[in-house]
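All of these numbers come straight from a predicted model, not from anything done at the bench.
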Amino acid sequence: LVLQHVATFREGEGGRWAYRDDSFKNISTDKVSLDPYRAQSRKILQTMKEALATWSVDDMETETQNPISAGLEKASIDEVFIDLSPLIYRALLRRYPELRMGIQDENRDAQLPIPPITALQWDTDCLVDLDQHETEEDDPDWDDVVMLIGSEIVRWVRNAVWEKLSYTCSAGLGRNKMIAKLGSACNKPNLQTVVRNRAVQNFLNGYKFTRIRMLGGKLGDQITAAFGTEKVSELLNVPLEQLRTKLADQTASWLYGIIRGDDRS
């Protein structure tokens with residue numbers, strides 16, 4: 001067993017961090033240095049940005065004519081959220097020209113045409129099982145197509161990080177940040193988990209709500225004590241009116257939505 005130790009600062013050594021063979025003898029006095037991690041984090045983020053800028057859809061025009069970028073939000077030293085919406089939207093219009101027709105029409109409530117495909121290739125993704133009463137035999141809807149394109153982009157980004165820096169990445173794809181974050185932890189260290197819209201409730205039902213961001217502390221404890229459970233599947237049975245009897249109105253409404261996969265952050 002080879003035990004690793006983080007880099008440390010040591011008093012009297014000029015503020016320089018180093019990896020030290022005797023760190024285990026100086027745990028009480030050496031201070032952890034995150035500088036090596038921060039440096040690698042910057043490299044990874046830059047690699048992701050470059051990969052997103054070079055991802056292209058079928059028969060793409062020259063990128064410089066109409067550059068579109070995805071939004072990156074660094075969540076921590078080793079975690080990032082990516083808004084793939086602009087890239088996916090462009091890919092949809094390229095691959096399915098029928099979506100362009102009537103896009104400027106006054107009737108914004110008109111139904112989209114049915115996707116011209118009956119099966120999607122998810123071979124290299126980890127798919128969360130569909131909700132009850134949903135089946136894989138059902139023809140895909142546009143939100144399924146959106147997730148598939150998103151998975152292509154994320155795979156491209158993960159491969160770029162591996163090819164350039166030799167780091168594996170896990171990823172989660174979902175319709176919002178909360179679902180994507182939970183999904184990213186499902187198949188570490190080197191796979192991506194896709195939570196289709198038709199699978200959201202089945203996915204969340206397997207969790208304790210205390211795993212969800214902002215529900216792991218005092219608020220989570222309060223809810224658990226008030227309703228006698230910390231399982232999403234059991235809290236779903238509690239009506240909104242009953243939530244409001246134990247929680248502030250705004251908190252109750254937010255909780256009611258979050259356990260149903262509705263996250264507006």
Side-chain angles (χ1 to χ4, degrees), residues 1-9 15-21 23-24 27 30-57 60 63 67-88 90-91 121-128 146-196 203 207 211-213 216 263 265:
L1 178 64
V2 179
L3 298 177
Q4 302 291 343
H5 198 288
V6 297
T8 59
F9 296 110
R16 295 187 300 273
W17 60 265
Y19 292 98
R20 312 171 193 277
D21 292 337
S23 289
F24 68 97
I27 289 176
D30 281 8
K31 296 186 182 300
V32 169
S33 170
L34 294 180
D35 288 359
Y37 300 95
R38 293 191 181 102
Q40 295 306 306
S41 178
R42 287 192 290 271
K43 289 181 182 179
I44 292 170
L45 198 63
Q46 183 59 37
T47 300
M48 288 180 169
K49 290 178 180 178
E50 292 169 357
L52 289 166
T54 57
W55 183 81
S56 62
V57 297
M60 178 66 64
E63 290 295 326
I68 297 178
S69 60
L72 278 79
E73 177 187 336
K74 187 174 181 180
S76 69
I77 201 169
D78 67 346
E79 184 176 37
V80 62
F81 290 108
I82 306 177
D83 179 7
L84 300 172
S85 306
L87 295 179
I88 292 174
R90 180 178 62 182
Q121 298 299 317
W122 299 102
D123 298 346
T124 53
D125 294 309
C126 300
L127 281 185
V128 173
V146 162
M147 288 294 179
L148 182 69
I149 297 173
S151 72
E152 295 175 17
I153 302 171
V154 172
R155 191 177 304 111
W156 170 269
V157 170
R158 291 173 51 241
N159 286 340
V161 173
W162 172 253
E163 292 294 331
K164 186 170 183 178
L165 302 172
S166 299
Y167 290 126
T168 60
C169 300
S170 63
L173 288 96
R175 68 189 183 200
N176 56 46
K177 292 167 71 173
M178 182 263 289
I179 294 171
K181 178 174 173 58
L182 290 174
S184 69
C186 288
N187 290 285
K188 290 186 175 185
N190 192 30
L191 292 171
Q192 57 190 50
T193 302
V194 179
V195 187
R196 293 165 289 176
F203 176 64
Y207 281 92
R211 289 279 305 277
I212 298 174
R213 187 173 57 163
D263 174 31
S265 63

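Looking at heavy atoms from C-beta onward, Leu191 lies out of side-chain contact with Thr124 at the 4.5 angstrom threshold. Between Ser33 and Thr8 the shortest side-chain heavy-atom distance does not fall below 4.5 Å. In this structure, the side chains of Ile212 and Tyr207 stay at 4.5 Å or more apart for every pair of heavy atoms. With a 4.5 Å cut-off on side-chain heavy atoms, Pro86 and Asp83 count as touching. Side-chain contact between Tyr37 and Val6: present, with at least one pair of heavy atoms (C-beta onward) separated by less than 4.5 Å. Using a 4.5 Å heavy-atom cutoff, the side chains of Leu127 and Thr193 are not in contact. Two residues are said to be in side-chain contact when any heavy atoms from C-beta on lie closer than 4.5 Å; Leu87 and Leu52 meet this criterion.
Nearest approach of Phe203 to Cys186, heavy atoms of both residues: CE1-SG, 3.7 Å. Closest approach of His5 and Tyr19 over heavy atoms only: O-CD2, 3.5 Å. Across Arg196 and Met147, no two heavy atoms sit closer than the pair CA-CG, 4.4 Å. In this structure, Ala51 and Trp156 approach most closely via the heavy-atom pair O-NE1, 2.8 Å. What you find for Val154 and Ala171 is that their closest heavy atoms are CG1-CB, 3.6 Å. Taking every heavy atom of both residues into account, Phe9 and Gly15 meet most closely at CE2-O, 3.3 Å.
Taken to the nearest 0.5 Å, the CE atom of Met48 stands 12.5 Å off from the NZ atom of Lys164. Rounded to the nearest 0.5 Å, atoms CG (Asn190) and SG (Cys169) are 7.5 Å apart. Atom CZ of Arg158 is separated from atom CD1 of Ile153 by 14.0 Å, given to the nearest 0.5 angstrom. Between the NZ atom in Lys74 and the CD1 atom in Ile44 there is a gap of 9.0 Å [rounded to 0.5 Å]. Expressed to the nearest 0.5 Å, how far CZ of Phe81 lies from OG of Ser265 amounts to 7.0 Å. Atom CD1 of Ile149 sits about 11.0 Å away from atom CZ of Arg90, to the nearest 0.5 Å.
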(request) Give the intermediate values and the outcome of side-chain contact (heavy atoms from CB on, under 4.5 Å) for residues Asp35 and Arg38. (result) CA-CA 5 Å; Asp35 288 359; Arg38 293 191 181 102; 3.2 Å; yes

(request) Tell me, with the steps shown, if Ile179 and Asp263 meet side-chain contact (heavy atoms from CB on, under 4.5 Å). (result) CA-CA 8 Å; Ile179 294 171; Asp263 174 31; over 6 Å; no

(request) Show your reasoning for whether side-chain contact (heavy atoms from CB on, under 4.5 Å) applies to Ser151 and Gln192. (result) CA-CA 8 Å; Ser151 72; Gln192 57 190 50; 3.5 Å; yes

(request) Evaluate the side-chain contact (heavy atoms from CB on, under 4.5 Å) criterion for residues Glu73 and Val80: first the C-alpha distance (whole Å), next the side-chain angles of each, then the deciding distance (0.1 Å), finally the verdict. (result) CA-CA 6 Å; Glu73 177 187 336; Val80 62; 5.6 Å; no

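Taking Thr168 as the reference, nothing meets the side-chain hydrogen bond (donor to acceptor under 3.5 Å, both in side chains) condition, with sequence neighbours excluded. Residues meeting the salt bridge (Lys or Arg N to Asp or Glu O under 4.0 Å) test with Asp125, sequence neighbours left out: Arg155. Listed by chain and number, the residues in a salt bridge (Lys or Arg N to Asp or Glu O under 4.0 Å) with Asp78 amount to none (sequence neighbours excluded).
By the neighbour-count criterion of 12 heavy atoms within 6.0 Å, atom CZ of Arg20 is densely surrounded, having more than that number from other residues, nucleotides or ligands. Counting heavy-atom neighbours within 6.0 Å of Lys188 NZ, excluding the residue itself, gives a total of 12 or less.
Although no hydrogens or angles enter the test, the distance criterion places a donor-acceptor pair under 3.5 Å between the side chain of Thr47 and the main chain of Lys43. At least one donor-acceptor pair closer than 3.5 Å links the side chain of Ser41 to the backbone N or O of Ile77.
Checked for salt-bridge contact, Lys181 and Glu79 meet the test: a charged N lies under 4.0 Å from a carboxylate O.
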